[in-house]
Amino acid sequence: MERNMKHQVTHWMGIFILLMMGNIMSLQANTTFTNPVLSDGADPWVVHHSDGYYYYTQTTASNITLWRTTDLSDLENAEQKVVWMPKPNSVNSEHVWAPELHYLDGRWYIYFAASAGDMTRQRMYVLQSENSDPFSHYDYPTATQSGKIADTSDKWAIDGTIFEFEGKRYFIWSGWEGDTNEQQRLYIARMATPWQLTGERVEISRPEFAWEQIGTPQVNEAPQVLFNPKGQAFIVYSASGSWTDDYCLGLLLFNGGDPMVAANWRKHPTPVFSKNEAADVYGPGHNGFFTDNHGQAWLIYHTAKFKGAGWAREIHMQPFGWQVNGLPAFGRAIGSQVQQARPN
C-alpha cells in the first residue's frame, strides 16, 4: 500500500509539474514575441495614437493600407483597411512607396512616393483625412494637384518625413541632385502648410563614407526624426543599396540653430545599426520609431529574409535606449532566435 501511495504521489506530482510548465510556457507566449512581426513587408511606419491603438503602414506598391492593433507583435492578425486607392493611369498610380502617417493641425496626413509607372519620375504626394480618425477616408488636399508636394527644383523624390523644431515645420526627403540616378541624397525644405513647401531645398547629407557607398547608385534615404530625452534632434537614415546585405542605419546630429543651414547637421562617422551575421540578420534599414505605454522606445525596421535576399524583406522590431552622451543605443539587430518582451 505504501508503494501504491508513493506511486500515486509521484504520478500527481508529475501531472502538477507538467501543468505548471504548460502555464509558464503559456504565460511566456502571451508576454513575449520573436522576430519577424510580419513575414513579408518593407518600409515600416508606426504611430501610437492616444486612442490606445498602434497604426502601422508599409509599402504595398499599389495602395495605402493601414493596420490597427493594440499589440504590434501580432501584426500578422491586425485589422487592416485600404484607406486610399489611386485612380488607374494617374500620375501616382504606380510604385506607391513608403507611406508615413502624421497628425498635423487637427488632421491626419499620409506622405508617400509614387509615379505613373516610370520609377525615374518618382515624386512625393500627400493625402488628407476627412476627420481626426486615422481610419477615415483620405483624399488629396484641395489646394494641390493630385496631392503633389515638391520644392522649387521638383526633382526625383522619395521617403518624405516631417521635422518640427521651435514652432516651425520642415520636410526632409531623399532625392537626386539632377535628373539622373547618380546618387541619392537627403534634402530639407520649409513647409508653408502640410501640403506645400516654400523656398529652395538644402542638401544635408550625401553618401561619403565607405559604408554608405555599397551598391550602385550610392544611397542615403529613409530619413527618420528622433529626439533624445533631453530634446536633442537626430535624423536616422538608411545608407547603401537597399538590395544589399550591407544596408544599414546612419545618423545625423542636429547642432541647433537653423535647420536649413547644412553646417548645422553633423554626420556620425560609423553606422549606428547594421547587419548581424551571427543572428542571421542582413540589410536592416528603412526604420521607424514608436514609444509604448510604459515609455519604452522601440525601433521597427525591415531586413532581408535571408542572406542575399535583395528586396525580399520582413519586419523586425526591438527596444532601444540611450548612451551617456545622448546618442541612441540601438544594440545589435535581433533575429528570430531571441524571445523579447512585447511592447506594452
Side-chain angles (χ1 to χ4, degrees), residues 38 41-72 75 78-87 90-93 96-114 123-150 157-165 167-173 189-198 222-227 286-293 298 300 315 317 343:
L38 267 184
D43 312 330
W45 173 263
V46 174
V47 171
H48 190 189
H49 188 30
S50 58
D51 64 3
Y53 286 101
Y54 294 97
Y55 291 86
Y56 171 88
T57 189
Q58 64 176 32
T59 292
T60 67
S62 60
N63 62 45
I64 305 292
T65 300
L66 295 184
W67 285 247
R68 180 167 66 181
T69 181
T70 57
D71 182 6
L72 270 177
L75 270 175
E79 177 185 6
Q80 297 182 39
K81 181 180 180 180
V82 175
V83 297
W84 180 78
M85 179 73 71
K87 294 180 180 179
S90 61
V91 294
N92 50 21
S93 60
V96 181
W97 294 348
E100 289 193 7
L101 178 67
H102 294 266
Y103 189 66
L104 306 170
D105 306 334
R107 295 282 189 93
W108 290 95
Y109 292 87
I110 297 176
Y111 297 88
F112 66 98
R123 295 294 189 275
M124 287 301 306
Y125 295 89
V126 60
L127 302 169
Q128 183 186 61
S129 65
E130 64 181 1
N131 55 46
S132 60
D133 179 7
F135 250 32
S136 65
H137 175 71
Y138 286 79
D139 207 342
Y140 305 130
T142 55
T144 68
Q145 293 183 347
S146 300
K148 186 175 179 180
I149 180 169
I158 63 170
D159 299 347
T161 196
I162 304 296
F163 175 47
E164 294 184 289
F165 179 70
K168 297 180 180 179
R169 193 172 287 154
Y170 303 85
F171 199 61
I172 302 173
W173 71 97
R190 293 185 177 90
M191 300 186 77
T193 68
W195 56 85
Q196 184 180 24
L197 305 185
T198 180
Q224 292 296 310
V225 176
L226 179 65
F227 289 89
H286 204 120
N287 71 288
F289 299 108
F290 67 92
T291 302
D292 68 19
N293 290 319
W298 287 77
I300 188 167
I315 306 301
M317 67 181 185

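It should be emphasised that the depicted structure is a prediction, and the values quoted were computed from it without experimental measurement. Nothing fancy with the numbering, it's 1 onward along the sequence.
Taking all atoms of both residues into account, the shortest heavy-atom contact from Ala157 to Ala113 is O-CB, 3.9 Å. Nearest heavy atom pair, residue Pro134 against residue His49, reads CG-CD2, 3.9 Å. Closest heavy-atom contact between Leu197 and Ala189: CD1-CB, 4.2 Å. Closest approach of Tyr103 to Ser132, counting heavy atoms only: OH-CB, 4.1 Å. For the residue pair Thr59 and Pro99, the shortest heavy atom distance occurs at N-CD, 3.9 Å. Shown here for Tyr138 and Asp133, the closest heavy-atom pair between the two residues is OH-O, 4.4 Å.
Under a 3.5 Å cut-off, the side chain of Thr57 and the backbone N or O of Thr65 do form a donor-acceptor pair. Looking at Arg107, its side chain does come within 3.5 Å of a backbone N or O of Ser129 through a donor-acceptor pair. Formation of a donor-acceptor pair under 3.5 Å by the Thr69 side chain with backbone atoms of Asp71 is found in this model. Judged by distance alone, with hydrogens and angles left aside, the side-chain atoms of Asn63 form no donor-acceptor pair with the main-chain N or O of Met85 at under 3.5 Å. Remark: side-chain polar atoms of His48 are paired, donor with acceptor, to backbone N or O of Thr291 under 3.5 angstrom. Formation of a donor-acceptor pair under 3.5 Å by the Tyr109 side chain with backbone atoms of Asp105 is not found in this model. At distances below 3.5 Å, not a single donor-acceptor pair connects side-chain atoms of Thr161 with backbone N or O atoms of Ile172. A donor-acceptor pair is defined here as one N or O able to donate and one able to accept, closer than 3.5 Å; such a pair exists between the side chain of Thr193 and the backbone of Trp195.
Between Tyr53 and Phe135, the gap from one ring centroid to the other reaches at least 6.0 Å.
No more than 12 heavy atoms of other residues, nucleotides or ligands shown are found within 6.0 angstrom of CD on Gln145. Within 6.0 Å of the NZ atom in Lys81, the count of heavy atoms belonging to other residues, nucleotides or ligands exceeds 12.
Inter-residue side-chain proximity for Ile149 and Thr144 is flagged as unmet; no heavy-atom pair is nearer than 4.5 Å. You'll find the side chain of Val46 reaches within 4.5 Å of the side chain of Leu72, heavy atoms only. Looking at Ile110 and Val126, their side chains never come closer than 4.5 Å, going by heavy atoms from C-beta outward. No side-chain heavy atom of Ile162 sits under 4.5 Å from any side-chain heavy atom of Tyr170. By the 4.5 Å heavy-atom criterion applied to side chains, Met317 and Phe290 are counted as neighbours. Residues Leu127 and Ile64 form a side-chain contact, since some pair of their non-hydrogen atoms from C-beta on lies under 4.5 Å apart. In this structure, Thr70 and Tyr54 have side chains that are not in contact, with every pair of non-hydrogen atoms separated by 4.5 Å or more. In this structure the side chain of Pro223 reaches within 4.5 angstrom of the side chain of Asp159, judged on heavy atoms.
Because its NZ or CZ atom is not both nearer than 6.0 Å to the ring centre of Tyr55 and within 45° of the ring axis, Arg68 does not count as a cation-pi partner of that residue. Cation-pi geometry between Arg169 and Phe163 is not met at under 6.0 angstrom from the ring centre and within 45 degrees of the axis.
In this structure, OG on Ser146 lies 14.0 Å from CZ on Arg123, to the nearest 0.5 angstrom.
The salt bridge (charged side-chain N to carboxylate O under 4.0 Å, His left out) contacts involving residues 43-55 comprise nothing, where partners must be two or more places apart or lie in separate chains.
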CA sep, side-chain torsions, deciding dist, call: Glu100, Tyr111, side-chain hydrogen bond (donor to acceptor under 3.5 Å, both in side chains): CA-CA 5 Å; Glu100 289 193 7; Tyr111 297 88; over 6 Å; no

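Residues meeting the side-chain contact (heavy atoms from CB on, under 4.5 Å) test with Val47, sequence neighbours left out: Trp45, Leu101, Trp108.
Relative orientation of the Tyr56 and Trp67 rings is perpendicular, given thresholds of 30° and 60° on the angle between their planes.
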